[in-house]
Amino acid sequence: RREVELLRRLVDEDIDLATVLAPKLPSVRCDPGQIGQVLMNLVVNSRDAMPAGGQLTIATSVEEVGGDGSGAIVAHLLGAALSGGAAHAL
């Protein structure tokens, strides 16, 4: 996707950016520009927290919230920084 390629440009070559996107997400009302800005900020902050490189994964899922069957789209940002040979969760 185009958005993922833009995010890849924000990370250094020693950071592997991966995506695990849910195949069918429901439509939501939102400002695409604001969502994109939030993702860019999270990716930049993660990049800055991994100066020695590592892996950054953006994942999406649909999860039930409350007991009434309503749901929410959830974006997960997972990272493992390499520092002195050890992996640290961000």
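What you are looking at is a predicted structure, and each value in this text was computed from that prediction instead of being measured.
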Test side-chain contact (heavy atoms from CB on, under 4.5 Å) on Asp12 and Arg47 and set out the steps. CA-CA 7 Å; Asp12 299 329; Arg47 176 200 66 197; 4.1 Å; yes

How long is the gap from CG on Leu10 to CG on Leu42, to the nearest 0.5 Å? 11.5 Å

Min side-chain heavy-atom separation Glu3-Leu39 under 4.5 Å: no

Checking Glu63 now: which residues fulfil side-chain contact (heavy atoms from CB on, under 4.5 Å) with it, not counting sequence neighbours? Ser61, Val74, His76

Nearest heavy-atom contact between Pro26 and Val62 is CD-CG2, 3.6 Å

Sub-3.5 Å donor-acceptor pair from the side chain of Thr60 to the main-chain atoms of Leu21, do we have one? no

Please report the closest heavy-atom contact between Ile35 and Cys30, naming both atoms and the distance. CG1-SG, 3.8 Å

Leu56 side, atom CG; Arg8 side, atom CZ - distance, nearest 0.5 Å: 10.0 Å

Taking C-beta and beyond as the side chain, do Thr57 and Gln55 meet within less than 4.5 Å on heavy atoms? yes

Could you check if a side-chain atom of Ile58 sits within less than 4.5 angstrom of a side-chain atom of Val20, using non-hydrogen atoms only? no

